[in-house]
Amino acid sequence: MDRPNVLIVMTDDQGYGDMSCHGNPVLKTPHLDRLHEQSIRFTDFHSAPVCTPSRGQLLTGMDAMRNGAWAWAFGHEMIRRDVVTMPQVFKKNGYRTGHFGKWHLGDNYPYRPKEKGFDESITHGGAATHQTPDYWQNDNFDDFYRHNDGSFQQHKGYCTDVWFDLSMDFMKRCQKAGTPFFCYLPTNAPHTPYYVEKKYSKPFLAAGMDEEVAKYLGMVVNLDENMGRLNAFLDANDLADNTIVIFMTDNGGTTGTKVFTAGMRGRKQQYYEGGHRVPCFIRWPRGAFGSPRDAEDPAQMQDLLPTLIDLCDLKVGNAARQQFDGISLADLLCGETEHLSDRKLVVQWSKLDFPAYGDAAVIWKEWRLVHDRELYNIASDPGQQNDVASQHPEIVETLKAHYADWWKGVEPLVADYGRPILGGAENPVRLTCFEWRKKTTKANVTVQYSVWDGLKANGEWMLEVETPGKYRIELRRYPLEANAAICAAYPARQREFVHFNECKALPILSARLRIGDFDQTLAVKPTDKAVPFEVNLPAGEIPLKTWFMDETGEELCGAYYVDVTKR
C-alpha cells in the first residue's frame, strides 16, 4: 500500500462544545459532524489550556515544559533547538511538508517553520491577527502573511478561506508530483479579534445574541464551510481514502462558552476540564481502523507524533523516540487493543516568567488533581463541582507524588529562553516586544494596541549572536511597513472589518540602546522613522534593551520594534 498522506487541521480557541455533533443548541456544523461520523473520536483527549503549549506538544510528542514552548510569548513560546519535530520526521522519510496558518512557536530564526522542518510555510505573525509580530493592521481580510523567505506578501480573501485554499493547492501539487504529503493547517479562527463577514454573524445577531458571540459563532460557521470544501476536494481528487485526516482544537473554549460548555467547568487558560479537553477526530478510510467509534481512554496531544510514526511506518532514530512523553495510539485505532495502558498525564503551562510548582492538572483515569490540592471524579461529577480530596487522600497522594517526580524532570529546563539569533540565516532580524522577558515587563505588549496607545512599557530581549562583527541596530516605534515617524500620530484607517483609530503621538526626543557592553543615547528628530546605532558584537548570548525618552530624559516606553542587520 502507498504511504498515507497526513492532514492535520487545528482550529484556534474552538471549545469542545462549539459544534453541533457535541450537542451545541444553536450552532450547526454539518461538515464537522460528517467527519465526526466517519472517524475514531477521542472523547477524553487533552491539550494544554492555551495556544502555544498545545502546538509544541503536537509537533514534538513532548510535554510543553520539556520542549521549551510552555508560554504564549516572552521568550518561552519556542521549541528548543535540539528537539526533533513532526515535520522533520516526515521530511526525512520522503514526505513533502507544508504549513498554512497560525504558527505561534517563534517568529525568528532558528524557530520559524522552515527551521522546524517545513518545505513550505505561509503564516501570520505572533498568536493572532494584529499582534505585534503580525503585519501592521491586518484584519483577517486581504492580509499580508509571512512566507518561507521571511517576506510578507498579500493574499486576497478571508483568512480561513486563504489557509484552506493554500493547503488544497499544496496537496494537489504533491499529488501531481507523486510525493506523499504532510500538511499542517492550523487556523487562527475563531481566535480574537472576531472579524468575519456579516453573512456569517447575522443569523446569530437576529437570534438576539450579543455581537461578540455572534461574530465568534460566525467564524465557526465559516470554518465548518471550509471543512466541507476540504472534504469535497479530497473526494474529487481521489485523496480521501489514503489521507489520514486529524481534526482538533488547540485548547478549551472562550466566547462560545457563553452559549454551551458541553457540561464542562472552565475555559481557556484554566485547569478544569473545559480548559484542556478538546475534540480529536481521526479518519483514514484505507487504514485498518474498522467502524467509526468513540475511544474513551484519556489521550493527549503528545500521543499524535508517535501514533503517526507507527501508522505511516516512518523511520525514526532511537534518540527521537526517547524524547516522547506521548505514546502511540495506533493499536487502539486499528482495533489491536481496546484500551490504552494505565498512565498519568500532566497538563501545565504558565503566564509567569517561571512556572509555579503545582499550578497544573494531573489526569488519571476518571480522576483530576487540580492545583495540586483539588480532586474531582469526572465519571460521577463531569462538571467538577465537588472537590472530593478529603474523601480520597490516597488518590491525592498518588497524583501528587506523580507530579512531584514529573516536576523534577522538567524544572531544570523551564528557565531556558528561546533566543532569536543575530548573524545567522535570518538577516535582517525583526525583533518585537512580543519577546520581551516577562520579568522585565508587566504590561501586555503582545498586541498592536500597545503600540497604537503608546503604552508606557519596556522590556529586555534575550538574544544570541552567531557571527561576531558589526551590526546596524534600528530602534522603531512602528514597524517598517507602517512607514511612520517615531513621534507621529499614525493616521486613522478604515479596513474591511475594523476602523483603526489614530495612534497616539509621543514626545520622543532621544533613544537609548544597551546591548552587552554597548550603551549609547542618540537624539530623535520629528521626522525620524528609526534611530540607527552601529555596534560591534561578540559571539554568544547577549541581552538587548532600549528606551525612548522625552525632553526631560523621562522614559516613555521601549522601542516596540527593533531591526538588526549584520553588516
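Keep in mind that what you see is a predicted model, and the values were worked out from it rather than measured.
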Taking [X] first and then [Y], would you say they form a salt bridge - that is, a charged N and a carboxylate O separated by under 4.0 Å?
{"X": "R267", "Y": "E273", "result": "no"}
{"X": "E37", "Y": "R283", "result": "no"}
{"X": "R96", "Y": "E120", "result": "yes"}
{"X": "D416", "Y": "R80", "result": "no"}
{"X": "R343", "Y": "D303", "result": "yes"}
{"X": "D241", "Y": "R286", "result": "no"}

Checklist entry - What residue among W163, Y145, F141 forms ring pair (Phe, Tyr, Trp, His ring centres under 6.0 Å) with H155? => result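 The passing option is Y145.
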
Item to check | Close side-chain approach of M219 and Y194, heavy atoms under 4.5 Å | outcome: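 They are in side-chain contact.
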
Just to verify, what does [X] make a side-chain contact (heavy atoms from CB on, under 4.5 Å) with, not counting sequence neighbours?
{"X": "E336", "answer": "D331, C334"}
{"X": "K344", "answer": "W364, T398, L399, H402"}
{"X": "D13", "answer": "C51, H191, D250, N251, T254, K268"}
{"X": "R34", "answer": "Q38, N231, D235"}

Next on the checklist: Holding to salt bridge (Lys or Arg N to Asp or Glu O under 4.0 Å), I want the full list of residues that pass it with D12, two or more places apart in sequence or in another chain.
Outcome noted: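 D12 satisfies salt bridge (Lys or Arg N to Asp or Glu O under 4.0 Å) with R55, K102 once adjacent residues are dropped.
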
Item to check | Neighbour count above 12 (heavy atom, 6.0 Å) for Q154 CD | outcome: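 Enclosed.
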
Checklist entry - What do you reckon, are the aromatic ring centroids of F100 and F170 less than 6.0 Å apart? => result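 Yes, the ring centres sit under 6.0 Å apart.
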
Checklist entry - With ring centroids as reference points, do H22 and Y16 lie under 6.0 angstrom apart? => result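 H22 vs Y16: aromatic centres under 6.0 Å.
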
side-chain hydrogen bond (donor to acceptor under 3.5 Å, both in side chains) involving [X] - partner list, sequence neighbours excluded:
{"X": "D165", "value": "R229"}
{"X": "K365", "value": "none"}
{"X": "E197", "value": "none"}
{"X": "D139", "value": "R495"}

Checklist entry - What's the verdict on side chain to side chain contact (heavy atoms under 4.5 Å, CB included) for L239 and N5, showing C-alpha distance, side-chain angles and the deciding distance? => result CA-CA 8 Å; L239 286 168; N5 304 303; 3.8 Å; yes

May I ask you to check whether [X] and [Y] show a side-chain donor-acceptor distance below 3.5 Å?
{"X": "D161", "Y": "N226", "result": "yes"}
{"X": "Y200", "Y": "E225", "result": "yes"}
{"X": "D119", "Y": "T97", "result": "yes"}
{"X": "T29", "Y": "S20", "result": "yes"}
{"X": "N67", "Y": "Q57", "result": "no"}

Item to check | Derivation and outcome, side chain to side chain contact (heavy atoms under 4.5 Å, CB included), residues L27 and F204 | outcome: CA-CA 9 Å; L27 187 59; F204 301 107; 3.9 Å; yes

Next on the checklist: In terms of relative ring orientation, are H130 and F500 parallel, tilted or perpendicular, with 30° and 60° separating the classes?
Outcome noted: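 Rings of H130 and F500: perpendicular, over 60°.
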
Checklist entry - What is the ring orientation for F182 with Y184, classed by angle as parallel under 30°, tilted 30 to 60°, or perpendicular over 60°? => result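 Taking Y184 first and then F182, their aromatic rings lie parallel (interplane angle under 30°).
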
Checklist entry - Taking only residues two or more places apart in sequence or in another chain, which ones pass ring-ring contact (aromatic ring centres under 6.0 Å, His included) with H46? => result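 ring-ring contact (aromatic ring centres under 6.0 Å, His included) check on H46 returns H276.
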
Next on the checklist: Restricting to ring-ring contact (aromatic ring centres under 6.0 Å, His included), what partner residues turn up for F181, sequence neighbours left out?
Outcome noted: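 ring-ring contact (aromatic ring centres under 6.0 Å, His included) list for F181, sorted by chain: empty.
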
Item to check | Residue pairs passing the ring-ring contact (aromatic ring centres under 6.0 Å, His included) test where at least one lies in residues 238-269, sequence neighbours excluded | outcome: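 Every ring-ring contact (aromatic ring centres under 6.0 Å, His included) pair that includes a residue of residues 238-269, provided the two are not neighbours, is F247-F281.
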
Next on the checklist: For the backbone of G56 and the side chain of T60, can you confirm whether one donor and one acceptor N or O come within less than 3.5 Å of each other?
Outcome noted: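 Answer holds: yes.
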
Next on the checklist: Between D107 and G126 (side chain of the first, backbone of the second, donor and acceptor by atom type, cut-off under 3.5 Å), is there such a pair?
Outcome noted: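 Pair found, side chain donor or acceptor close to backbone of G126.
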
